[in-house]
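Taking it in order: structure first as structure tokens, then the write-up.
Whatever order the structure lists ligands and atoms in, that order sets their numbers, starting from 1. This is a predicted model, so every value here is computed, not measured.
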Amino acid sequence: MSKQYVFAFDEGDGKNKHLLGGKGANLCEMTQIGLNVPPGFVISTEACLEYQDLKGLPPGLMDTVREYVRRLEGKARKGFGDASNPLLVSVRSGSAMSMPGMMDTILNLGLNQQTLQGLIAQTGNERFGYDAYRRFIQLFGKVALGVPDEPFDEAFDEIKRDAGVKADVALNAEHLKEASRRFLDVVLQHTGKPFPEDVYEQLEIAIKAVFNSWMGKRAVDYRREFHITPDMANGTAVNVVAMVFGNMGNDCATGVGFTRNPGTGENEMFGEYLVNAQGEDVVAGIRTPKPVQEMEKEMPDLYRQLVDLRNKLEGHYQEVQDYEYTIEKGVLYCLQTRNGKMNAAAMVRSSVEMFEEGLISKEQALLRVNPEQLEQLLHPGLDPKHKQAPLAQGLPASPGAASGRCVFDADQAVILGRAGTKVILVREETKPEDIHGFFASEGVLTSRGGKTSHAAVVARGMGKACVAGAEGIQVDARARLATVGDVVLREGDVITIDGSNGNVYLGEIPTIKPEFSRELRTLLGWADEVATLKVMANADTPATAKVALDYGAMGIGLCRTERMFNAVERLPIVVEMILAHTVEERQAALDKLLPIQRQDFKDIFTIMAPRPVTVRLLDPPMHEFLPSEHQLEDELQALEQYRMSVRGRTAAVAAMRLDHAPDSITEDQVSAIIARKERMLRKVRELYEVNPMLGHRGVRLGITYPEIYDMQIRAILEAAAECRQAGTPVTPEIMIPQVITSQELTFMHREVNRIQAEVESQTGVKLEFKFGSMVETVRACTRAGELAKVAEFFSFGTNDLTQATFSFSREDAENKFLPLYTDNGILHDNPFEVLDVNGVGMLMQMTVEQGRKTNPALKVGICGEQGGHPASINFCHKIGLSYVSCSAPRVPVARLAAAHAKLKAK
Ligand code: ADP
Ligand code: MG
Ligand code: MG
């Protein structure tokens, strides 16, 4: 065997996670920096890939393994398979990407009838020996031999019932001996073969089982769900580790911890432990563990060792660690460490504090936080004004508040979630096979398990609310209900959970947006210092402008004037403008709109001052402001019927010679409404376009109806003048949409100059503003050099530009074929969500180059939806854009992404 497949913990390269897996690399690293790790070795991921290719272990691998076991025997001073002084090992999986609970681990391997007696004799503890044995038979049976859990669990429950005890710890040696005997039977019955006695045979089967688990359904699903590609993790390593025992008595324990609180980021000891228990008991939620703070009283000396371990881990990794340990007879062993998965708030707080503690640099602090994660911080919390008493309480396992209908299994969560119903997944405890239910739920509630239970860990990773271990709730998944005292929760009943304090409420409770923390402000402040790309917001109203400012927008990159037209009291005036027969009629309507728009602009400019506000002149085709042809036809039909009935009633009233008319609408009034609707219908038909998105819109409207754009330009400039008179320093930017040629820009520029002169002479104010162009047609890209002679800035409208580049419309694509394209990998992403760097990006790059060639001062930004997406932002930085503009809540994400882009380019 030429290639080295096996590495002892003291020789493996702790940085090479790809080869050794995360767990293996860290076990090597920890061993080499002198932490107390039980001896062991790693079989590399390359061996796993070979195994998949060959459908068998690489030739000679088991010989090497034997050699490493012999070295292990030397270090542990025990013999593998030795009847008087047996070495037991764990066989653990671990790939380059952490996939918690996705693959299985076998503990206590090396036990058989003989070594068991040796273990018992050596420890003088029969109960312990049989406990280890029955655990091994079940785990090995399940993981390596494919025996389901149920027959084991049934046999075990029966023993507990017969013994009249509830907890495992209450069983004595005889009970556990009986359990081992029955478990061996279960294996024999299910596999038709006796349980393997030969320890090397056990080891070989276990190694193969771990390698097989890499291609198992659970692992494959997980990788797909989390987009783990082969270049991120390819194959799993196998870690063979000498066993240490947390279940040898009351001076033994096992626990898991985070070096900081993963819910808040606070710098404190965080974790849980169980006395006299073995590894998986803590995570499995079989017994509810104690918070680590209690260890300080219960085992003060060990607590000090644990604090020391925690400090060494953080000091070395310069990153919050999630670690596992076991205490055997007063000696602390570290069994695993990895970077801690924390929610956004905790990441942000720990980043800022770790910088302040001198542990990491500002750059490290920024790079630690994934920009996408910041969205979580905008998650709602419960309105503190609510007065409702909680129905039950559990542990605050993942912060955020969520309401939804109770569901009791993951499949049902998916069914209802797909249908758009908000659901809360309610389980006794969750398992890796429930993962699809997490995605579909607003939050997760469990009645068992601690803050490090599966439910808690997974929910935190996803940023979903979770309350764990709400012991007052009895969950009956089969009956699809849960009871709390005498309250019964059935499937479909609405509950609210608050993952920040562990409360569970009946019904829906209103939520509010959280405040920006000091740490978030600090971190984003650092991001702004680092980044060159500016972050603007898309905002159309004074209210959203305020929100954008709160989120730290450095200006408005896109203010869509048509949004201002849509308000109820304004739409009739806009319709009047559209229906106008003559220029005069249209002007009359525009004269009414002018002061309204001017006031809007004034408000927005004032809020944003002195930051720039880019106003885009009217863009959509006119028919968008009118009802559809269909709707008008229906309305007309109804009105016609009504007119007939009014006519009939009037005639009847006349025939009866009543003195007074019925107090209802007259026929004339109905006729007037009908006439207006008929005019609208004619207009709608006149405006009909085969392809409205490629039709009469944008600057083409401005050129065919110059009075519309004139009104808008005037409103902008007059608002700017008024602001200046009030001493507010404003810098509006006028942006022309749908441009295809510089002549359009020259035409509009002349208008702007003319109106500027008028406004300046009227007000005596010298105006300062910019004039620029949207770049959202392919022709604009190819003519960028010419456009830049007239435009002072460009803004990529990547929605339209993507549509034009792909020659398909967003709606049709997303409804008909795009999902299939992305599922099959024909397109990597939906280009309307993630900027298509290879196609659209090429056009953008060319545009920037050509534009700056004729106008070196040209400012260039992007205002499409993709402007808030970190990967797109990275590209925008690379091609030298001046700014990105995105929706207000994405602004914090974009600010951090802009800093990342700069730091990563270095
Ligand atoms: P996972 O990746 O699911 O966390 P692990 O390989 O870490 O699986 O093992 C599962 C549990 O078994 C953990 O709690 C771990 O601490 C425990 N464990 C693993 N190896 C040993 C060992 N050599 N001695 C004692 N406990 C162990
Ligand atoms: Mg582990
Ligand atoms: Mg557009």
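The closest side-chain donor-acceptor pair between Asp131 and Gln278, if any, does not fall under 3.5 angstrom.
Salt bridge annotation for Asp221-Arg224: present, with a cationic side-chain nitrogen under 4.0 angstrom from a carboxylate oxygen.
Taking the six-membered ring wherever Trp is involved, the centroid distance between the rings of Phe226 and Tyr222 falls below 6.0 Å.
When Val89, Asn108, Val244 are checked for heavy-atom proximity to atom 24 (N) of ligand 1, Val244 turns out nearest. Scanning Gly246, Cys334, Ala242, Pro39 for the heavy atom closest to atom 23 (N) of ligand 1 points to Ala242.
Here Leu107 has side-chain heavy atoms under 4.0 Å from ligand 1, and that is the only part of it that gets that close. Contact annotation: for Lys23 versus ligand 1, heavy atoms closer than 4.0 Å belong to the side chain alone. Of the heavy atoms in Met243, both backbone and side-chain atoms come closer than 4.0 Å to ligand 1. Contacts between Leu335 and ligand 1 below 4.0 angstrom, taking non-hydrogen atoms only, involve the side chain exclusively.
Under a 3.5 Å cut-off, the side chain of Gln32 and the backbone N or O of Asp13 do not form any donor-acceptor pair. With hydrogens and angles disregarded, a donor-acceptor distance shorter than 3.5 Å links the side chain of Thr123 to the backbone of Asn125. One N or O on the side chain of Gln52 and one on the backbone of Phe211 form a donor-acceptor pair closer than 3.5 Å.
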Is there a side-chain contact (heavy atoms from CB on, under 4.5 Å) between Tyr68 and Val240? Walk through the geometry before answering. CA-CA 10 Å; Tyr68 275 83; Val240 178; over 6 Å; no
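Per-residue contacts place Ser90 under 4.0 angstrom from the following atoms of ligand 1 (heavy atoms of the residue considered): 19 (C), 20 (N), 21 (C), 22 (C), 23 (N).
Looking at residues two or more places apart in sequence or on another chain, you find a side-chain contact (heavy atoms from CB on, under 4.5 Å) between Gln305 and Asp301, Leu302, Leu332.
Under a cutoff of 6.0 Å and an axis angle of 45°, Arg310 and Tyr323 do not form a cation-pi pair.
At a 3.5 angstrom cut-off on N or O pairs, Arg338 does not count as close to ligand 1.
Atoms CG and OH, on Leu116 and Tyr130 in that order, are 5.0 Å from each other to the nearest 0.5 Å.
The count of protein N, O or S atoms under 2.8 Å from the Mg ion (ligand 2) stands at 3, with waters excluded from the count.
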